[in-house]
Amino acid sequence: MDLLEKLDQLRARGLEKINAAADTQKLNDVRVELVGKKGALTEILHAMREVAPERRRQVGQLVNEVRDLFNEQLAQTRHDLAQALIAQKLEAEKIDVTLPGKRLSLGAKHPVYLILDDLEALFIGLGYQVVQGPEIETDHYCFEMMNLPKDHPARDMQETFYIDNENLLRSQTSGDQARVLEKHDFSQGPLKMVGPGKVYRRDDDDATHSHQFMQMEGLVVDRNVSMSDLKGTLEMIAKHLFGADRKTRLRPSYFPFTEPSVEMDVSCFNCDGKGCSICKETGWIEVLGAGMVHPNVLENAGIDASIYGGFAFGLGLDRFAILKYGVDDIRDFYTNDVRFLAQFRQEEK
Ligand code: PHE
């Protein structure tokens, strides 16, 4: 076949191949095949010897033309492929800034802490200090200072976990009273404190009992503190938590560290005192224990009980949370099921 004809064919075939190269790797193969050292054009150049001398110039020109054309087309295609790759990448990595964001699910404050924080804020507003005693308490503070010597029968009221003879998991926050009484300097003003915290008892867990729960201790000591101060304070707590319409009543009770001792009931918020299953048909719900600080407790802390007196109260925060939020199983507070806890999520203020 005539070389010119061969060149014509090669040009057509070559351009087709260049255009068909789908990626830079294939394009490079095509380049080697067409214009490489051992490529088709080189082959044709080698065949020039057979061309009549007067036509060599013409053939040589055409070879150069075809090579230039190939190189140009190769460069163009290489450029196009690179552009296409960039476009593809841009498309794949495109960020749609108008898409809605992923919602982070916020945690919820634990219902017992909703009550605790609420009451703490209430008492801080009334000038009380907030104290926190140790959960591993000594027999000395938890009981002896609180007018409960070692052989006192009332120790049975609280099923205590003892660690050894002197240390225990506190079964009440009342030890906080003794710790604060010992330190208080009455020349600086009256003592007013609340002490929230965990307590432990050897109870079998069921819907209404837990071996661990939260209490809040309260103590006010000054000159001339009367039982009506206690009553007013307790009423304020009840109305703050359960609404202004709640009625309260005090029933006589017994605690070794208060005399007289009382328990407070609130009128049932479910039936408004008529009697229902929540208040066990009594119309009343017991919410806390309280009383006037026993003189022995003051004397044990080195305070002259003929000058100073006060009142104390201890309330179960879990119980308040159960009543306020209508929770029917105290164990829900301690199993940390997020579906339970999420019900108490509050809107960000
Ligand atoms: N410590 C008592 C209890 O755990 C409650 C209480 C505290 C009663 C303070 C009176 C005064 O049952």
Side-chain angles (χ1 to χ4, degrees), residues 112 115-116 119 123 128 130-135 137-149 152-161 168-181 191-203 208-221 225-227 229-238 248-266 285-298 300-301 305 308-320 322 330:
V112 172
I115 303 275
L116 196 164
L119 284 180
F123 282 108
Y128 283 57
V130 179
V131 302
Q132 266 186 328
E135 281 175 33
E137 184 54 289
T138 56
D139 188 275
H140 176 71
Y141 281 110
C142 196
F143 294 131
E144 296 204 26
M145 288 287 281
M146 298 309 291
N147 197 31
L148 265 153
H152 197 291
R155 282 204 179 199
D156 290 347
M157 284 167 74
Q158 299 186 357
E159 300 275 299
T160 310
F161 287 114
L168 45 88
L169 288 178
R170 65 177 173 188
S171 47
Q172 55 179 6
T173 43
S174 297
D176 293 357
Q177 289 191 35
R179 287 176 180 275
V180 175
L181 280 168
L191 188 168
K192 298 201 279 181
M193 74 92 180
V194 285
K198 285 196 198 88
V199 297
Y200 303 84
R201 286 187 196 175
R202 283 189 284 114
D203 247 336
T208 54
H209 295 87
S210 170
H211 65 279
Q212 174 204 314
F213 54 98
M214 294 278 280
Q215 274 193 340
M216 185 182 253
E217 195 76 16
L219 176 67
V220 170
V221 178
V225 179
S226 73
M227 189 110 185
D229 295 321
L230 170 63
K231 191 164 187 242
T233 304
L234 298 183
E235 246 169 49
M236 175 203 65
I237 299 173
T248 57
R249 72 174 184 190
L250 298 181
R251 276 182 295 102
S253 184
Y254 171 76
F255 299 105
F257 26 86
T258 46
E259 183 58 36
S261 300
V262 294
E263 277 172 309
M264 183 175 72
D265 299 338
V266 292
I285 296 174
E286 181 206 319
V287 291
L288 55 79
M292 302 310 290
V293 179
H294 196 293
N296 288 356
V297 173
L298 298 173
N300 286 348
Y308 293 100
F311 65 75
F313 57 87
L315 48 91
L317 292 167
D318 302 68
R319 184 154 178 75
F320 276 28
I322 282 177
I330 192 172

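Predicted model only: the values in this text are computed from it and were never measured. Just follow the structure's listing: the first ligand is 1, and inside any ligand the first atom is 1.
Looking at Met292 against ligand 1, nothing comes within 4.0 Å, counting heavy atoms. Only the side chain of Ser174 comes within contact range of ligand 1, with a heavy atom under 4.0 Å; no backbone atom does. Within the 4.0 Å heavy-atom criterion, the part of Phe313 lying near ligand 1 is the backbone and not the side chain.
Heavy-atom contacts of Glu217 reach the following atoms of ligand 1: 7 (C), 9 (C) (cutoff under 4.0 Å). For ligand 1 and Gln158, the ligand atoms under 4.0 Å from any heavy atom of the residue are 3 (C), 4 (O). Using a 4.0 Å cut-off to heavy atoms of Arg201, the atoms of ligand 1 that qualify are 3 (C), 4 (O), 12 (O). Numbered from 1 in the order shown, with element, the atoms of ligand 1 that lie under 4.0 Å from a heavy atom of Gln177 read 9 (C).
One finds the SG atom of Cys142 at 10.0 Å from the CG atom of Leu169 (value rounded to the nearest 0.5 Å).
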Worked check of ring pair (Phe, Tyr, Trp, His ring centres under 6.0 Å) between Phe123 and Phe313: CA-CA 13 Å; Phe123 282 108; Phe313 57 87; 5.7 Å; yes

Glu137 vs Arg170, salt bridge (charged side-chain N to carboxylate O under 4.0 Å, His left out): CA-CA, chis, key distance, verdict: CA-CA 5 Å; Glu137 184 54 289; Arg170 65 177 173 188; 5.6 Å; no

Determine, stepwise, if the pair Glu159 / Arg201 fulfils salt bridge (charged side-chain N to carboxylate O under 4.0 Å, His left out). CA-CA 5 Å; Glu159 300 275 299; Arg201 286 187 196 175; over 6 Å; no

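For Glu217 (side chain) and Ser174 (main-chain N/O), a donor-acceptor pair under 3.5 Å exists by modelled atom type.
Inter-residue side-chain proximity for Arg249 and Met264 is flagged as unmet; no heavy-atom pair is nearer than 4.5 Å.
Inspection of the Gln215 and Gln172 side chains reveals no N or O donor paired with an N or O acceptor under 3.5 Å.
For atom 1 (N) of ligand 1, the nearest non-hydrogen atom of the protein is Gln172 OE1, 2.9 Å. Given atom 7 (C) of ligand 1, the protein heavy atom at minimum distance is Gly314 N, 3.3 Å.
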